[in-house]
**Q** 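If you scroll down you'll find the structure; I have some questions about it.
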Amino acid sequence: MWRRLQTLAPSLRRAAASSSSARAAPLSTAPAVFRRTSPLLSSLGDKPAPTKVEDVMPIATGLEREELEAELQGKKRFDMDPPVGPFGTKEEPAVIESYYNKRIVGCPGGEGEDEHDVVWFWLEKDKPHECPVCSQYFVLKVIGNGGDPDGHDDDEDEHH
């Protein structure tokens with residue numbers, strides 16, 4: 001919901017500004033879509049933009065709260081963007097980062113005519129992988145503590 005509101009806020013502000021200036025009607029008489037309903041849109045008026053998570057989403061806790069706090073500081077808490085880089089070859093494979101010893105990766109192919117439907121596969125540490133459709137190579141670079149993403153490391157299997 002936060003992301004939807006965040007992406008809609010600029011267009012709602014523009015629509016509210018043009019709507020109120022065109023008809024000279026106060027914002028409170030504008031259609032319900034343009035009424036200010038949350039502190040997120042507080043920059044419409046004279047108030048400064050919210051600076052605390054409580055101003056934006058008072059019930060946020062845990063990881064959601066960390067993400068909101070980082071975003072209010074202009075940082076990213078979680079990198080959710082897909083990796084972008086040159087086409088991976090056997091000599092210079094595409095490097096995919098992970099906090100764990102393996103992760104699921106999707107290969108969309110190259111650009112233009114080389115593009116194909118996404119092929120999903122497990123990419124594991126120290127095991128280069130070749131896409132069966134476009135022959136792009138991938139390797140995994142562990143940037144965290146490693147281990148199994150499911151939390152079930154091999155040494156724990158002995159306790160069962």
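Start at 1 with the first residue, then count along the sequence.
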**Q** Near Phe87 CZ, under 6.0 Å, is it more than 12 heavy atoms from other residues, nucleotides or ligands?
**A** yes
**Q** Looking only at heavy atoms, what is the nearest atom pair of Cys107 and Gln136, with distance?
**A** SG-NE2, 3.5 Å
**Q** Can the ring centroids of Phe121 and His129 be said to lie less than 6.0 angstrom from one another?
**A** yes
**Q** Are any of the side-chain nitrogens in Glu69 or Arg65 under 4.0 Å away from the carboxylate oxygens of its partner?
**A** yes
**Q** For atom CD of Glu92, is the number of surrounding heavy atoms from other residues, nucleotides or ligands below 6.0 Å larger than 12?
**A** no
**Q** Any side-chain heavy atom of Trp120 within less than 4.5 Å of one from Ile104?
**A** yes
**Q** Count I, L, V, M, F, W, Y as connected when their side-chain heavy atoms are under 4.5 Å apart, and connections chain through other members. Are Trp122 and Val139 then in the same cluster?
**A** no
**Q** What's the shortest heavy-atom distance between Tyr137 and Glu130, and which atoms?
**A** OH-OE1, 3.3 Å
**Q** Between Cys131 and His116, is any pair of side-chain heavy atoms under 4.5 Å apart?
**A** yes
**Q** Once you round to the nearest 0.5 Å, how far does CG of Leu68 lie from OG1 of Thr61?
**A** 10.0 Å
**Q** Counting only heavy atoms not in Ile143, do more than 12 sit closer than 6.0 Å to its CD1 atom?
**A** yes
**Q** Check whether any side-chain heavy atom of Ile96 lies under 4.5 Å from a side-chain heavy atom of Arg103, and answer yes or no.
**A** yes
**Q** Atom CD of residue position Glu113 - does it have more than 12 heavy atoms of other residues, nucleotides or ligands inside 6.0 Å?
**A** no
**Q** Among Asp148, Val142, Leu123, find the one that has a side chain to side chain contact (heavy atoms under 4.5 Å, CB included) with Lys102.
**A** Asp148
**Q** Would you name the heavy atoms of Leu140 and Ser98 that are closest together and state the gap between them?
**A** CD1-CB, 3.5 Å
